[in-house]
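Values reported hereafter were calculated over all heavy atoms of this structure, with side chains retained and with hydrogens, waters and symmetry mates removed. Chain letters run A, B, ... following the sequence lines, proteins first, then strands; residues in each count from 1.
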Amino acid sequence: MAVNTNQAMGRLLLFTFAALLIVVFSASDSQAATDASIHEQLMKLTSESSAARRKAISALADTDDVRLVPFFEDYLKGNVSLYKENLVIREDTKDAQGQKQISLKDALTRDAIGDKVVASDLKDLDISNKERVLARDAIMRLRLSDPDIEARLQAIVRAGDSSNAALLPLLKARLAAEKDSRAQIGLKESIALLLLDSDAKDDEVQSAISDLGEVHSGRALAKLKDMQKKSPPAFKAGLDQAVDRIERYQFWAQGLGYVFSGLSLGSILVLMALGLSIIFGLMGVINMAHGELMMIGAYATFVTQKAFEYMIDQHWLSASSFNYYFVAAIPVSFLVAALAGYIIEITIIRFLYGRPLETLLATYGVSLVLTQLVRLQFGDNIAVNSPTWLQGGVEIMRDVVLPYNRCFIICFCMACIGGMHLIISKTNLGLLLRATTQNRNMAAALGVQTRRIDGYTFALGAGLAGLAGCALTQVGGITPDMGQNYIVDSFMVVVTGGVGKLAGAVWAGMALGCIDKLFEPLFQAVWAKVIILIFVVMFIQWRPSGLFPAKGRFADA
Amino acid sequence: MRNPKQYLNATLAFFCLGLFGVPLLYSMNVVSVDTINQLGRFLCFAIVALGIDLVWGYTGILSLCQAMFFTFGGYAIGMHMALHGPLDGDGIPRCLFVVSSDVSGMKLPWFWEPFKSLPLALILSMFIPGLVALVFGFFTFRSRVKGVYFSIITQATTLGVCLLFRRNEMRLCGTNGLTNFVTLGGYDVQTANVKVGLYVLTLLVLAAVYLCGKYIADSRFGRVLIAIRDNESRLRSIGYRPLYYKLAIFTIGGIFAGIGGMLYTPQTGIITPFNMDPQKSIDLVILVAVGGRCTLSGAVLGALIVNYTYALLTSGTIYNYFFLTSNNGNGSIIQKTAELFLGPKGWPFVLGGLFLGIVLFMPEGLIGLWNRIRGIDSESRHQQRTPATPPVVDVTEKVAAKPGELNA
């Protein structure tokens with residue numbers, strides 16, 4: 001029995017192996033076969049007869065081989081030549097001595113051909129205008145059948161914008177063959193756009209208009225509005241409907257985009273405000289240098305990036321590890337900012353205990369010094385490169401792209417809020433922090449070293465600001481005075497959310513971020529800011545101690 | 001203030017020096033007209049500082065919107081002067097004309113009309129800041145916004161108004177501000193005599209404002225203000241209504257700032273929204289802190305000293321005096337350190353150091369230091385004495401707080 005099983009297994013394995021071999025060989029076989037046929041067609045481009053050349057171009061366009069796109073581009077530029085019975089791509093370069101050189105590449109595979117040649121070795125091809133038109137057409141067709149979906153979508157959009165009605169049959173054929181839903185929508189849109197430009201029959205135009213409305217084509221909006229003004233009344237109803245559908249869709253799509261960027265702005269504000277709020281709740285101190293601590297976090301990220309670049313230069317790290325600099329930058333920016341905060345606390349704020357207004361002025365002095373120090377050290381404007389895994393975005397709906405960096409910031413903020421919540425509610429430090437915040441004297445009487453707790457809390461809040469700065473490098477430029485731009489906003493968050501409350505800071509930060517970004521397109525950025533400031537000042541009238549006021553005997557008299 | 005006679009003598013001496021000595025030196029060609037002009041501008045800041053001293057030093061309200069009131073006053077007189085400067089189109093001041101988008105058929109905005117008359121412009125430059133302070137103060141003080149909350153709200157308001165003034169569609173000349181001034185009340189503001197005249201006028205107004213502030217500070221009203229600073233809830237329990245006192249002093253502070261701006265604009269020849277940058281307001285507070293809170297002469301002294309230091313450092317005068325002329329120790333560490341603190345780039349360090357040093361080591365400012373040397377007890381010491389047990393004040397006033405608040 002056992003032997004039998006083994007034999008069966010062996011046979012199965014053998015069979016699988018053979019089958020695999022056949023597949024591999026047949027695949028490479030078919031590849032070789034297509035290459036040969038393409039080659040044959042390519043050679044026909046050298047023929048004397050224009051008709052034969054045109055036939056060859058059409059045949060090449062039918063092969064759907066993307067490698068032909070660069071070939072045709074070179075063909076149009078006149079870079080394709082005949083060399084030793086082969087088509088090659090020539091490139092005029094200069095060598096180190098400034099001598100003219102001609103380097104050759106294979107027409108299809110674009111492998112370099114090492115031969116030393118002079119101009120007389122090469123024979124240029126004859127190209128007439130008719131072939132140019134066909135070649136351009138061929139590039140379009142080949143691109144439309146590119147297996148890479150992004151490249152294909154680009155080609156589809158370009159075809160729709162070309163106003164070239166001759167592409168219609170091609171696009172229709174592609175639509176029939178297309179399987180990807182995004183490409184299908186794109187094709188429909190492009191076909192309809194081309195139909196609007198062509199002298200098609202009325203019913204075709206009408207269905208094109210309704211198609212455009214159906215796919216919420218933002219590209220067609222301007223054209224449709226244009227048609228609304230001068231087209232015959234027969235189209236009126238259809239046009240109105242289509243424009244209305246597109247506009248409504250765009251309204252919501254944009255709104256979604258604004259809410260999203262509002263959430264990411266809010267996340268940064270929340271990180272800033274959390275630190276401010278905890279410090280204010282514990283010590284009654286307004287830290288005007290909080291924005292500068294954020295700036296320190298951002299510059300710590302920058303320095304980490306520079307350190308990675310240096311280490312890669314020295315070959316201590318592989319070049320691919322550059323992408324992970326940001327992972328290292330997160331703890332670095334937290335620690336650096338926390339250290340700076342701790343130093344500020346033990347050298348300055350400790351001595352201003354119980355004098356909140358003076359502390360405000362002193363920390364403002366600190367912020368001036370820090371800003372100028374960084375300005376002298378780093379100059380005015382520097383850029384942090386996003387790691388590749390934070391570039392790009394995900395398209396959740398048509399025309400609604402969520403950039404990865406903003407997604408990251410939101411998730412990062414959530415993680416930090418969660419971390420803060422755990423620290424405050426679960427750890428020993430959190431327990432002592434809450435005790436000191438609620439009743440400093442009683443906590444001190446019970447043996448809590450309140451001054452030490454002050455220092456740790458200040459460092460923690462500063463570290464949060466550093467994390468905010470680290471996150472901010474991914475969406476904005478960093479300058480020495482960047483803290484000033486965020487400090488007033490984060491004060492607003494603290495004031496609106498109430499002091500020393502995680503939930504208040506989170507809600508207020510997110511709300512203010514979203515209001516800011518939603519008002520921005522409606523009223524322009526400055527008015528949005530003014531409206532928010534007015535809103536907050538009014539809000540304070542209504543609820544002087546924020547969204548979540550204290551109740552009971554601790555409430556302020 | 002315990003020795004009013006001595007301070008009166010010193011103040012009078014300074015006043016006479018400013019009123020007679022400086023023009024005398026000018027006529028003897030010892031000081032240039034630019035120096036006098038500069039001094040005149042510093043005196044404007046002294047007027048603002050007097051207002052801040054009354055609001056912050058006496059009442060304990062740290063207002064960060066005094067620069068806004070200052071700019072309101074400056075804009076009021078600036079609009080008047082722009083209307084009597086070069087005009088374009090249909091009587092549009094040039095500074096407004098260049099930033100307006102609708103060039104053809106633009107009319108003078110209605111709110112520019114009242115500023116055509118000088119008396120009205122002068123009244124408005126005090127009335128507008130006063131009114132804004134009154135309304136804003138009423139709403140914030142009524143809901144008992146105080147302490148750092150009030151500072152933050154005023155700072156935010158200043159930022160908002162600053163952003164508004166920078167918009168071209170507000171028809172207040174956008175970021176360029178008001179410029180191209182030629183005449184004020186028929187006098188050419190560019191001439192030396194008018195500049196000296198403006199300086200003398202500023203000095204007289206400063207004296208009037210000082211006397212006014214002194215009257216307020218020494219009156220029963222002034223005692224209530226100090227009481228508000230030291231313990232507002234206790235005062236309320238006794239039966240006072242701090243709201244009206246705070247409102248009154250905040251309005252007076254706003255008017256003082258407006259007067260400062262009104263005198264400042266003709267002397268600089270330009271007023272822009274950047275004069276009310278939120279930072280500017282905090283910078284004004286340091287004037288009072290350096291001189292000494294709760295002493296009016298300290299406010300004036302601080303304004304002059306800080307502004308003069310600023311002028312010396314940012315123009316590089318001190319640095320050049322020590323290092324460029326004598327040319328010794330070129331490139332040495334000493335010189336580099338000196339450049340860091342005495343050169344134009346060093347001003348933020350000096351200002352930041354002033355904030356820290358004053359707050360940490362000299363909370364009563366220069367006057368307080370002087371008093372301590374002479375063994376005189378001053379008003380601002382009261383504040384130090386009252387919270388002999390600062391933690392208690394803390395718990396009831398600010399941290400006061402909020403049971404289980406960090407339980408998120």
Side-chain angles (χ1 to χ4, degrees), chain A residues 278 280-284 286 348 351-362 364-369 371-372 376 421 424-425 430 433-434 437-441 444 484 488 491-492 494-495 498-503 526 529-530 533-534 536-537 540-541 544 548 550 552 554-557, chain B residues 56 60 62 136 139-140 142-145 147-149 151-153 155-157 159-161 163-164 166-167 233 278-279 282 285-286 289 340 345-349 351-360 363 387 390-408:
Chain A
I278 292 172
F280 189 28
L282 181 71
M283 296 184 261
I286 272 291
I348 297 160
F351 302 103
L352 294 173
Y353 195 72
R355 291 150 66 191
L357 296 183
E358 275 95 332
T359 319
L360 191 152
L361 294 179
Y364 175 70
V366 173
S367 82
L368 285 177
V369 172
T371 308
Q372 186 72 356
L376 290 181
H421 178 73
I424 288 177
S425 60
L433 167 65
R434 277 180 290 148
T437 305
Q438 284 177 18
N439 194 332
R440 179 173 292 267
N441 289 343
Q484 300 289 334
V488 175
F491 283 154
M492 294 299 102
V494 174
V495 167
V499 169
K501 295 182 191 63
L502 273 177
V526 167
K529 197 134 221 164
V530 172
L533 294 178
I534 294 173
V536 172
V537 172
I540 292 300
Q541 302 299 316
F548 300 90
F554 283 114
D556 201 357
Chain B
W56 179 46
L62 182 55
F136 182 83
F139 284 112
T140 39
R142 193 195 52 166
S143 48
R144 295 191 188 170
V145 175
V148 281
Y149 266 97
S151 308
I152 293 172
I153 290 290
Q155 193 193 29
T157 310
L159 177 68
V161 176
L163 290 175
L164 274 185
R166 282 156 67 168
R167 302 296 303 177
S233 18
Q279 287 197 5
I282 312 185
V285 171
I286 196 66
L340 203 59
K345 282 179 188 166
W347 175 245
F349 293 127
L351 188 62
L354 267 181
F355 271 109
L356 286 173
I358 292 289
V359 164
L360 284 173
V392 177
V393 174
D394 247 8
V395 171
T396 49
E397 285 286 317
K398 298 173 305 293
V399 181
K402 300 138 199 191
E405 58 197 333
L406 285 169
N407 296 332

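Partners of B/Arg166 by salt bridge (Lys or Arg N to Asp or Glu O under 4.0 Å), not counting sequence neighbours: none found. In this view, B/Phe355 and A/Tyr364 satisfy the ring-ring contact (aromatic ring centres under 6.0 Å, His included) rule, not counting sequence neighbours.
Listed here is the closest heavy atom pair of A/Ala362 and B/Val359: CB-CG1, 4.0 Å. In plain terms, the two heavy atoms of A/Val530 and B/Gly160 that are nearest each other are CG2-O, 3.6 Å.
Residue contact with chain B, scored on non-hydrogen atoms closer than 4.5 Å, involves the backbone and the side chain of A/Leu368 alike. For B/Trp56, the part sitting under 4.5 Å from any heavy atom of chain A is the side chain, from C-beta outward, and nothing else. With a threshold of 4.5 angstrom between heavy atoms, A/Ile348 approaches chain B through its backbone and through its side chain.
In terms of heavy-atom pairs under 4.5 angstrom with chain B, the leader among A/Ser367, A/Gly365, A/Gly430 is A/Gly365. Annotation: maximal heavy-atom pairing with chain A below 4.5 Å, among B/Ile153, B/Ile282, B/Leu360, occurs at B/Ile282. Annotation: maximal heavy-atom pairing with chain B below 4.5 Å, among A/Leu376, A/Val366, A/Leu357, A/Ile286, occurs at A/Leu357. Of all the listed residues (A/Ile534, A/Val536, A/Val369), the one sharing the greatest number of non-hydrogen pairs under 4.5 Å with chain B is A/Val369.
Looking at heavy atoms from C-beta onward, A/Thr371 lies out of side-chain contact with B/Pro348 at the 4.5 angstrom threshold.
Atom CZ of residue A/Phe491 and atom CG of residue B/Leu159 lie 12.0 Å apart, to the nearest 0.5 angstrom. The CG atom of A/Leu361 lies 12.0 Å from the CG atom of B/Leu354; values are rounded to the nearest 0.5 Å.
A donor-acceptor distance shorter than 3.5 angstrom exists from the side chain of A/Gln372 to the backbone of B/Lys345, with no hydrogens or angles considered.
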